[in-house]
Amino acid sequence: MKNNNDSSVILLKNYGHIRIKLNEIIKQKEISRNKVARLIGSRFEVIDKWYDGTVEKIDADILARLCYVLECEVEDLIEYVKPLENTFCLTIV
């Protein structure tokens, strides 16, 4: 039986991350998030998550709509950022 004082160590490999660049495009094109949301037929909250880079799952349909409305390419909106080195994240549970 495990008591509450026991802890486990979990090593998670750092695979890098996806950087969302919608905020840069919106600023460059001088368009509001509200207008983008209206043009793609989505809620403001969806665009706000893309703008803040906090979207957890990338919806291919939303991505296509953004590319169409903003006249840009997928790589203009999202970028894979490699980890600086082959690192692991240590988590104690």
Side-chain angles (χ1 to χ4, degrees):
M1 183 172 170
K2 187 175 181 179
N3 68 40
N4 291 341
N5 293 330
D6 290 346
S7 60
S8 300
V9 175
I10 300 172
L11 287 176
L12 301 174
K13 185 172 179 156
N14 182 354
Y15 293 103
H17 66 278
I18 299 296
R19 184 168 80 91
I20 308 291
K21 303 185 287 185
L22 180 62
N23 58 351
E24 297 167 24
I25 293 173
I26 282 180
K27 288 175 186 174
Q28 177 187 24
K29 297 200 179 259
E30 298 178 347
I31 187 171
S32 73
R33 287 179 275 174
N34 279 320
K35 185 169 183 176
V36 171
R38 280 195 314 273
L39 289 172
I40 71 164
S42 183
R43 296 185 341 258
F44 174 81
E45 293 81 12
V46 171
I47 299 307
D48 197 44
K49 284 185 178 187
W50 279 78
Y51 185 86
D52 292 337
T54 59
V55 65
E56 293 178 9
K57 295 182 181 180
I58 296 177
D59 182 326
D61 184 55
I62 296 291
L63 183 57
R65 292 184 208 182
L66 287 169
C67 287
Y68 179 81
V69 165
L70 297 171
E71 299 176 334
C72 65
E73 301 296 324
V74 170
E75 55 270 14
D76 297 329
L77 285 170
I78 60 176
E79 171 187 24
Y80 169 63
V81 179
K82 294 179 181 180
L84 295 176
E85 54 187 62
N86 196 6
T87 58
F88 289 87
C89 175
L90 178 66
T91 303
I92 299 176
V93 190

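The structure presented is a predicted model; accordingly, all values stated were derived computationally and were not measured.
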Correct closest heavy-atom pair for Ile40 and Val69 would be CG2-CG2, 3.6 Å

So which heavy atom on Leu22 is nearest to which on Trp50, and how close? CD2-CB, 3.5 Å

Joint hydrophobic cluster, Leu63 plus Phe44, side-chain heavy atoms closer than 4.5 Å: no

Residues, nucleotides or ligands: over 12 heavy atoms within 6.0 Å of Glu71 CD: no

Minimum heavy-atom separation for Gly53 and Ile20, please, with both atom names. CA-CB, 4.0 Å

Heavy-atom closest pair (Asn14 atom, Gly16 atom, distance to 0.1 Å) is OD1-N, 2.9 Å

Should we count NZ of Lys49 as having more than 12 external heavy atoms under 6.0 Å? no

What's the separation between atom CD in Gln28 and atom CG in Leu70, rounded to the nearest 0.5 Å? 10.0 Å

With clusters defined by side-chain heavy atoms of hydrophobic residues (ILVMFWY) lying less than 4.5 Å apart, directly or transitively, does Val55 cluster with Val81? no

Quick one: CZ on Arg38 to CZ on Arg43, what's the gap to the nearest 0.5 Å? 16.0 Å

Is there a continuous path of hydrophobic side-chain contacts, each under 4.5 Å between heavy atoms, that joins Leu77 to Ile31? yes

Is the OH atom of Tyr68 crowded by more than 12 outside heavy atoms at less than 6.0 Å? no

Counting neighbours of NZ on Lys35 that are heavy atoms of other residues, nucleotides or ligands and sit closer than 6.0 Å, is the number greater than 12? no

Can you tell me how far CD of Glu24 sits from CG of Asp76, rounded to the nearest 0.5 angstrom? 10.0 Å

In this structure, CZ of Arg19 is separated from OH of Tyr80 (nearest 0.5 Å) by 14.0 Å

Between Ile26 and Arg33 the two heavy atoms that sit nearest each other are CD1-CG, 3.8 Å

For Gly41 against Arg65, the heavy-atom pair lying closest together: O-NH1, 3.4 Å

For atom CD of Glu73, decide whether the heavy atoms of other residues, nucleotides or ligands shown that lie under 6.0 angstrom number more than 12. no

Find the distance between OG (Ser32) and CD1 (Ile47) and round it off to the nearest 0.5 Å. 10.5 Å

